**Student:** 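First the structure, then my questions, so here it is.
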Amino acid sequence: ALERTFSIIKPDATRRNLTGAVNSYIEKAGLRIIAQKRILLTKAQAETFYAVHKERPFFGELVEFMISEPIVVQVLQGDDAVAKYREVMGATNPANAAEGTIRKDFALSVGENSAHGSDSLENAAIEIAQFFSGNEIVG
Ligand code: CMP
């Protein structure tokens, strides 16, 4: 089914000037970038976005990393976009990521792993709404 998912190009990737390189993996997979902006997250935004992880030992580090430099937030649209983008990203830990995936090719570590993608259609809608208003998404 035609779906939308939410993506973040993380600070480790924007810092290394890899926005276009990551986007080429997205587009080669047949996903369309239907909204995109470069922003600097506030600490409050990062804490809200990752609230599900707030009891994890890496939460503080994750929030500090995500606000350390600009990120690029995106809405991706395509057939089975949620699962497809997770395939394109590869495993969370780049050590476990398959050949040809964004994380295998670009990620530095499990924390600095270049990309985020929604884990379900339900969360995709929640995450998209945190960063984009309806008129910023042109499918
Ligand atoms: P993401 O898909 O953005 O969702 C939660 C993030 O937490 C995950 O990607 C990782 O980048 C990060 N993460 C997961 N495990 C660890 C860890 N052990 N140390 C630091 N960051 C982690």
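Throughout, residue positions are numbered sequentially from 1 according to the sequence presented. Both ligands and their constituent atoms are indexed starting at 1 by order of listing. Worth saying up front: this structure is predicted, and the values here are computed from it rather than measured.
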**Student:** Which residue and non-hydrogen atom of the protein lie closest to atom 21 (N) of ligand 1, and at what distance in Å?
**Tutor:**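 Going atom by atom, the protein heavy atom closest to atom 21 (N) of ligand 1 ends up being Gly111 CA, 3.5 Å.
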**Student:** Charged N to carboxylate O below 4.0 Å: is that the case for Glu69 and Lys10?
**Tutor:**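 Not counted as a salt bridge, because no side-chain N and carboxylate O are separated by less than 4.0 Å.
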**Student:** Give the residue, atom name and distance (to 0.1 Å) of the protein heavy atom nearest atom 14 (C) of ligand 1.
**Tutor:** Phe58 CZ, 3.5 Å
**Student:** Would you mind reporting whether Ile9 and Asn23 have side-chain heavy atoms less than 4.5 Å apart?
**Tutor:** yes
**Student:** Side chain, backbone, both or neither: which part of His53 has a heavy atom under 4.0 Å from ligand 1?
**Tutor:**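 Under 4.0 Å from ligand 1, His53 contributes side-chain atoms alone.
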**Student:** Leu76 versus Lys84: any side-chain heavy-atom pair under 4.5 Å?
**Tutor:**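 Side-chain contact under 4.5 Å: no.
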**Student:** Regarding Lys37 and the six-membered ring of Phe132, is the cationic atom NZ or CZ under 6.0 Å from the ring centre and inside 45° of its axis?
**Tutor:** yes
**Student:** Considering heavy atoms of the protein only, find what lies nearest to atom 3 (O) of ligand 1 and give residue, atom and distance to 0.1 Å.
**Tutor:** Tyr50 OH, 2.5 Å
**Student:** Flag the pair Arg15 and Glu112 as a salt bridge only when some basic side-chain nitrogen lies within less than 4.0 angstrom of an acidic carboxylate oxygen.
**Tutor:**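 Salt bridge flag = yes for Glu112 with Arg15.
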**Student:** So which atom in Ser68 and which in Pro11 form the shortest heavy-atom distance, rounded to 0.1 Å?
**Tutor:** OG-CB, 3.7 Å
**Student:** Which bit of Arg103 is near ligand 1, meaning a heavy atom under 4.0 Å away: side chain, backbone, both or neither?
**Tutor:**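 Side chain only.
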**Student:** When you look for heavy atoms under 4.0 Å from ligand 1, do you find them on the side chain of Val110, its backbone, both, or neither?
**Tutor:** both
**Student:** Test side-chain contact (heavy atoms from CB on, under 4.5 Å) on Met89 and Ser7; report intermediate values, then the result.
**Tutor:** CA-CA 10 Å; Met89 287 192 298; Ser7 160; over 6 Å; no
**Student:** Applying a heavy-atom cut-off of 4.0 Å, say which part of Glu61 lies close to ligand 1: side chain, backbone, both or neither.
**Tutor:** side chain
**Student:** State the atoms of ligand 1, each with its element, that fall below the 4.0 Å cut-off from a heavy-atom position in Asn113.
**Tutor:** 9 (O), 10 (C), 11 (O)
**Student:** For atom 9 (O) of ligand 1, what is the closest protein heavy atom, and at what distance to 0.1 Å?
**Tutor:** Lys10 NZ, 3.1 Å
**Student:** Suppose we measure from atom 2 (O) of ligand 1 to each protein heavy atom; which comes out shortest, and what is that distance?
**Tutor:**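 That would be His116 ND1, 3.1 Å.
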